[in-house]
Visitor: 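Here it is: the structure, laid out below.
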Protein chains: 2
Amino acid sequence: MSTINDVARAAGVSVATVSRALRGLDRVSPQTRARVVQAATELHYVASPTASSLASGRTKVVAVVVPFLARWFFATVISGIEKALRRHDHHVLLIDLEGESFGTRLHLSHSMLWKRVDGVIVLATALDEQEQALIERLGLPVVTIGHRIRDWSCVRIDDKEAMRIAVRHVLDLGHTDVAYVGGVPDASADLQTPQDRARAFADTLAERGLGCPPEWVIESDWTAVGAARDIMAVLNGPSRPTAVVAASDEMALGVMAAARRSGLAVPQDLSVIGVDDHVLSEALGLTTVRQDVLCQGHRAGEALMRQLVDEAAATVDEVMPVQLVVRESTAPPPKKRGGTRVTNT
Amino acid sequence: MSTINDVARAAGVSVATVSRALRGLDRVSPQTRARVVQAATELHYVASPTASSLASGRTKVVAVVVPFLARWFFATVISGIEKALRRHDHHVLLIDLEGESFGTRLHLSHSMLWKRVDGVIVLATALDEQEQALIERLGLPVVTIGHRIRDWSCVRIDDKEAMRIAVRHVLDLGHTDVAYVGGVPDASADLQTPQDRARAFADTLAERGLGCPPEWVIESDWTAVGAARDIMAVLNGPSRPTAVVAASDEMALGVMAAARRSGLAVPQDLSVIGVDDHVLSEALGLTTVRQDVLCQGHRAGEALMRQLVDEAAATVDEVMPVQLVVRESTAPPPKKRGGTRVTNT
DNA sequence: CTGTTAGCGCTTTCAT
DNA sequence: ATGAAAGCGCTAACAG
């Protein structure tokens, strides 16, 4: 393929002029620019990204760091990021921190970022001190999604508010016996989302003078199978809830399935509500609190681009709105069985 | 940060030696190598990827081209690819071809690949002649997944076989009135998977002397909502099937939900089977034909790395196994209603 | 407005 | 086994 030299020769100008003309810098006469552009087009010239990166110090690539990839939320966010970045002629370099074996996670290292990317977007991951220091040291602008770190820019929803809306919905329906799936497992003890949602669940019940027995607050690995497995004991127990609030739609779908397996009809015998508005939730009729995940990715991408262009651009903390979406999985509680009600803390 | 010069100075050798020593080339004495490695470690030296790319012509980055990202299949494959590549110290540059507006798709262009990546992995996408020529011209090794293109390496399953297994399962259960969701829409008329599965559905019925009325073969956008919407007419029609075979689990889940909405119990009134073994299928009790998607990504990554190292490495066509997984969504047909049976073509 | 000229940091002959 | 030196292709001063 042709290089900048070929174009310079063809257009009868210097390489510097070619570089300026093609990058749209000023101080190039319209005629010259036209000639250069034409020569470049004819030669199918495209600047070598590695060469310009080396010379300019900028790569036009941003690292997108994820704890794992094969989850709806992450894949969707990344899709949003990608679309935002490509408008600005930037690319996504994927950094998947999921380890080989279960429960492990890779650590962000110097060699993943150094001279490789211009900025970083971190998805719902708690970086440790070392990793944070690394990014700081490299001087990379960063935007986080779904989890605040330091004073870095962040795009997120109000997790407490989302959960409050979910809980109030079932409470307003008349439920008083409600269980929760999505307690905070050790593995994500440092993530804000599980914590905030779990906390808001308890608080919102308390706010109405209600409580929930500890065995009705179920820790979960945040998967559908896990939730289905773990809710079973509660559904088959002597006194069972009339509603289950799950911290995510994936878990909520697991709960719905578990209920059916136990012979409980949803929502007649058991109401189920989630948070997220997973792709499948609409089809499966799950009531949920929707967040616009694609948009969050988009916003994060835009925010990063701003910081890239303007060193002094303000860091942002965008809190995106959430919205209750009522579908078939929630209804008022069945009339009978008032006796088994439980309301301690 | 430190450069190769700093290391050379610290170790008292030339930069050439540092380069050789650190990359594990031979013709470096063990002592020298040790000194270099130590100096590099102390200085936290990591070679600048852009500089070595420019000098060597190789980037250690591979483009992963996807038609869209936020779908379980694609996200999962990519996860597999990523894990394979990182073992070989290579990275994933995401190229999402999904356009801004519905139904459009971006075209693979020179500037996305040129001097940017060492190879390409194409996921379930039919590239047009221009795009194929581009890759050919750039001399990039490529591996496709789920869709054969030219004589390029490919990792896939036998789609016809997968569908045959699904259909035979419901037939063996005793069903004779079976509908299909996943006909080939125009948008994917050039993709092998939809075609092969649809074809195998019809063929497998025929093989047992059965048929399926045209209105029971439903085209779909391959989403759960779409399938749920489109199956409704059939489920509420005068004569309805006792089983539905969907070309993907996502659609199958949509069908299950639609059936319940129509007051049909699954599997008592209607059996449903899919293909893929989506993450949620186990939790939701969907019978399916499983493929190991993660593994396909892994294999594709490995195959590409082989071709990268050894120019002459044989191109491969790996056909991964599939397996019937019977869960709660399929059962023998209800006894009555024999009268409405339909068996034309 | 345009050309000249140093690099950017590494790899890779070619000598030694 | 090691060093010297010529690039890789582009950007960014600095002149003019």
Side-chain angles (χ1 to χ4, degrees), chain A residues 1-37 39-40 43-61 89 110-111 113-118 138-139 308, chain B residues 1-37 39-40 43-61 89 110-111 113-118 138-139 308:
Chain A
M1 306 305 298
S2 42
T3 74
I4 199 172
N5 276 298
D6 304 325
V7 179
R9 203 170 308 124
V13 296
S14 72
V15 295
T17 301
V18 173
S19 181
R20 290 187 198 106
L22 259 26
R23 283 183 301 151
L25 302 187
D26 43 2
R27 310 195 154 224
V28 180
S29 79
Q31 304 89 300
T32 310
R33 189 187 306 270
R35 261 191 303 136
V36 170
V37 168
L43 294 172
H44 299 293
Y45 170 75
V46 174
S48 155
T50 57
S52 34
S53 294
L54 181 57
S56 70
R58 302 195 291 79
T59 60
K60 298 201 170 197
V61 173
D89 190 28
H110 194 181
S111 68
L113 304 174
W114 167 238
K115 287 286 182 187
R116 201 178 273 291
V117 298
D118 293 343
L138 296 178
L308 232 42
Chain B
M1 304 307 296
S2 42
T3 76
I4 198 173
N5 276 297
D6 304 325
V7 179
R9 202 169 310 124
V13 296
S14 72
V15 296
T17 302
V18 173
S19 180
R20 291 186 197 106
L22 259 24
R23 283 183 302 151
L25 302 187
D26 44 1
R27 308 193 158 229
V28 179
S29 78
Q31 305 89 302
T32 310
R33 188 186 305 273
R35 261 190 304 133
V36 170
V37 168
L43 293 173
H44 299 292
Y45 170 75
V46 174
S48 154
T50 59
S52 31
S53 294
L54 180 58
S56 70
R58 303 197 286 80
T59 61
K60 297 202 169 195
V61 174
D89 191 27
H110 194 179
S111 69
L113 304 174
W114 166 239
K115 286 288 182 185
R116 201 179 272 292
V117 298
D118 293 343
L138 295 179
L308 231 42

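Numbers restart at 1 for each chain; the letters A, B, ... are given by sequence-line order, proteins then strands.
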Visitor: Answer with base, sugar-phosphate or nothing: what part of the nucleic acid does B:Val18 contact at a heavy-atom distance below 4.0 Å?
Guide: nothing
Visitor: Counting only side-chain N and O atoms of B:Ser29, is one of them less than 4.0 Å from OP1 or OP2 of D:dA1?
Guide: no
Visitor: Where the side chain of A:Thr50 meets the backbone of B:Ser53, is there a donor-acceptor pair that is under 3.5 Å apart?
Guide: no
Visitor: Taking atom C1' of C:dC10 as reference, at what distance in whole Å does atom CG of B:Asn5 sit?
Guide: 9 Å
Visitor: Just N and O in the side chain of B:Thr3: are any of them under 4.0 Å from OP1 or OP2 of C:dC8?
Guide: no
Visitor: Indicate yes or no for a side-chain donor-acceptor contact from B:Arg33 to the backbone of B:Asp26 under 3.5 Å, with no hydrogens or angles considered.
Guide: no
Visitor: With a 4.0 Å cutoff (strictly under), does any side-chain N or O of A:Ser19 reach OP1 or OP2 of D:dC10?
Guide: no
Visitor: Rounded off to whole Å, could you give me the CG-to-C1' distance for the B:Leu54 and D:dG9 pair?
Guide: 6 Å
Visitor: Return the value, rounded to whole Å, for the distance between atom CG of B:Leu22 and atom C1' of C:dG9.
Guide: 14 Å
Visitor: Going by heavy atoms in the side chains, are A:Leu22 and A:Val37 under 4.5 Å from each other?
Guide: yes
Visitor: Measure from the side chain of B:Arg27, starting at C-beta and using heavy atoms only, and say which of D:dG3, D:dT2, C:dT4 lies closest.
Guide: D:dT2
Visitor: With a 4.0 Å cut-off on heavy atoms, is B:Ala47 in touch with a base, just the backbone sugar-phosphate, or nothing at all?
Guide: sugar-phosphate
Visitor: Heavy atoms only: give me the nearest A:Lys115-A:Thr59 pair and the separation to one decimal.
Guide: O-CG2, 3.9 Å
Visitor: Rounded to whole Å, how long is the line connecting atom CG of B:Leu25 with atom C1' of C:dT11?
Guide: 10 Å
Visitor: With the side chain of B:Val28 defined as its heavy atoms from C-beta on, choose the nearest nucleotide among C:dG3, D:dT2, D:dG9.
Guide: D:dT2
Visitor: Starting at atom CZ of A:Arg23, determine the distance to atom C1' of D:dG9, rounded to an integer number of angstrom.
Guide: 13 Å
Visitor: Which heavy atom of A:Thr17 sits nearest a heavy atom of A:Thr32, and at what distance?
Guide: CG2-CG2, 3.7 Å
Visitor: Taking only the side-chain nitrogens and oxygens of A:Ser48, find out if one of them lies under 4.0 Å from OP1 or OP2 of D:dC10.
Guide: no
Visitor: Does a side-chain N or O from A:Ser52 land closer than 4.0 Å to OP1 or OP2 of D:dC10, or not?
Guide: no
Visitor: Does D:dA12 have OP1 or OP2 sitting under 4.0 Å from an N or O in the side chain of A:Ser56?
Guide: no
Visitor: Which is true for A:Thr32 with a 4.0 Å heavy-atom rule: it touches a base, it touches only sugar-phosphate, or it touches nothing?
Guide: sugar-phosphate
Visitor: What is the distance from CZ of A:Arg58 to P of D:dT11, rounded to the nearest Å?
Guide: 10 Å
Visitor: By nearest heavy atom, map B:Thr17 and B:Trp114 onto DNA chain D; which one lands nearer the 5' end?
Guide: B:Thr17
Visitor: A:Ala55 has a side chain; which of C:dG3, D:dG3, D:dT11 sits nearest to it?
Guide: D:dT11
Visitor: Could you measure the distance from the OG atom of B:Ser56 to the CZ atom of B:Arg23? Nearest 0.5 Å is fine.
Guide: 7.5 Å
Visitor: For the pair made of CZ in A:Arg20 and C1' in C:dT5, what is the distance, rounded to whole Å?
Guide: 12 Å
Visitor: Figure out the NZ/C1' separation between B:Lys115 and C:dC10, and round it to whole Å.
Guide: 14 Å
